[in-house]
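Heads up, the thing below is written out as structure tokens.
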Amino acid sequence: MEISKNMIGSEVTTWYKKNGRKDLPWRIKTTPYRVWISEMMLQQTQVNTAKDYFLNFIEQYPDLESIKNASEEEILILWKGLGYYRRAKFIYQAKEKIFKDYNGLFPDEFEDIISLPGIGKSTAGAILSIAYGKPFPILDANVKRVVGRLYNQESYQEKKFWELSKKILDKSNPFLFQQGIMDIGATICHIHNPQCDECPLGRWCLSKKNGSFYTYKKKKTPKKKVFLNYEIYKRDGCIYMIKNMDLGFWNELWMPPYKIVENNNREIKHGLSHRELHLEFLVTSGTPKGGKWINKNEFNNLPTPKPISDKLEQYAKSFL
DNA sequence: AATCCGTGGTG
DNA sequence: TCACCAAGGAT
């Protein structure tokens, strides 16, 4: 028998059973593989954005065995448009390691899971809690906001927030608790206008008590501008494309050849996390090298970044 | 420790 | 139009 019961944790668990978003696609069936793929997609990505990508990914690769022989580019194609494309490469590398070191079985120990590429402490905690029912804390944006407010923190402190996440975790129900705490963060404890009247944690919440609500603030660094002039080579309904290896972003995605210039007449302004891209597209003649001709019917088969996909779609419709 | 990495929604 | 930020991790 426990001497002191974790009231907050058990309240979250109870709330989840009744009010949780149990119909999310990655919650229908929680195999370690499915939880892993969903957690990778959900890194810095909202639920609504990840949904369709998850369903599409799982349709093609429903389990580890089906993804065993997939190439990096095949996985990248399923990631097309989702962003943070490194995650697709991490999935490729991780599944290679799982077959090499773990006999094709997803590992179930913290040290093994966090050793996989793209999996940090929080993702490992989510997989352990949700896929294996083992009590490990998580610290995503939802949990940061909920515990930051529960304990009325003024600023984010990594170590302190991990302690709080671990403290309120319902160790007897990690599966229900972790999904519940994230759902409370996502559906009640909004960054603006938290719905405190509906919150199961209201009687413990110090922010509700004194009316000052913690909000996680990232340092904002000014975005550097990058001017890219894309060279459009056309031939027989084809456009010449290269695999980008050296922009620093969009690595290993396909695009027309480009030059980095000092300035240009931008047609498209596109923001990345830390860059402001100014894109110009110039129809060019000559003999390009280092890539291949792609027919307009095959644009969809190549992993391309969003603004390039949009531009290619235009070309395919109009003057090719 | 600070910076890098995408895209879409929201105010 | 624009700032902010989301189921973060790697370097």
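Order of the sequence lines fixes the chain letters, A, B, ..., with proteins taken first and strands second; residue numbering starts at 1 for each chain.
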Can you tell me how far OG1 of A:T215 sits from CZ of A:R145, rounded to the nearest 0.5 angstrom?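 That separation rounds to 8.0 Å.
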
I want to confirm an ordering. Mapping A:T215 and A:K144 to their closest nucleotides on DNA chain C, which one lands closer to the 5' end? A:T215

Measure [atom1]/[X] against [atom2]/[N] and give the value in whole Å, please.
X	N	atom1	atom2	value
A:R27	C:dA7	CZ	P	11 Å
A:M40	C:dA6	CE	P	19 Å
A:K220	C:dC5	NZ	C1'	13 Å
A:N193	B:dG11	CG	P	8 Å
A:H192	C:dC4	NE2	C1'	7 Å
A:I119	C:dA10	CD1	P	9 Å

Categorize [X] for me: base, sugar-phosphate, or nothing, with a 4.0 angstrom heavy-atom threshold over every strand shown.
X	result
A:L139	nothing
A:A126	nothing
A:W26	base

Consider only side-chain heavy atoms of I, L, V, M, F, W and Y, link residues closer than 4.5 Å, and tell whether [X] and [Y] are in one cluster.
X	Y	result
A:Y16	A:Y132	yes
A:V283	A:M241	yes
A:W162	A:V143	yes

Quick one: is C:dC4 close enough that its OP1 or OP2 comes under 4.0 Å of any side-chain N or O from A:K217?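 No, outside the criterion.
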
Under 4.0 angstrom between A:R21 side-chain N/O and C:dA7 OP1 or OP2: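 So the side chain of A:R21 is outside the cut-off, no N or O lying under 4.0 Å from OP1 or OP2 of C:dA7.
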
Which parts of nucleotides 3-9 of chain B does protein reach within less than 4.0 Å, heavy atoms only, written one letter per nucleotide 5' to 3' as B for base, S for sugar-phosphate only and - for none? SBBBBB-

Considering only atom P, compute the distance from C:dA7 to B:dG11 and round it to an integer number of Å.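 Going atom to atom, P in each nucleotide, I get 14 Å.
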
Between C:dG9 and B:dG8, how far apart are the P atoms? Round to whole Å, please. 22 Å

Do the rings of A:Y214 and A:Y216 sit parallel, tilted or perpendicular, given the 30° and 60° boundaries?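 Tilted: the ring planes of A:Y214 and A:Y216 meet at 30° to 60°.
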
Identify which nucleotide among C:dG9, C:dA6, C:dC5 has an atom closest to any side-chain atom of A:S122, counting heavy atoms from C-beta outward. C:dG9

Could you pull out every donor-acceptor pair under 3.5 Å between side chains of residues 257-264 of chain A and any protein atom, sequence neighbours left out?
| unit_1 | atom_1 | unit_2 | atom_2 | d |
| --- | --- | --- | --- | --- |
| A:Y258 | OH | A:N244 | OD1 | 3.0 |
| A:Y258 | OH | A:D246 | OD1 | 2.6 |
| A:K259 | NZ | A:E231 | OE2 | 2.6 |
| A:N264 | ND2 | A:L228 | O | 3.3 |
| A:N264 | ND2 | A:N229 | OD1 | 2.9 |
| A:N264 | ND2 | A:H278 | O | 3.2 |

If the test is salt bridge (charged side-chain N to carboxylate O under 4.0 Å, His left out), which one of A:K17, A:R27, A:K18, A:K22 qualifies with A:D183?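 Among A:K17, A:R27, A:K18, A:K22, the one meeting salt bridge (charged side-chain N to carboxylate O under 4.0 Å, His left out) with A:D183 is A:R27.
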
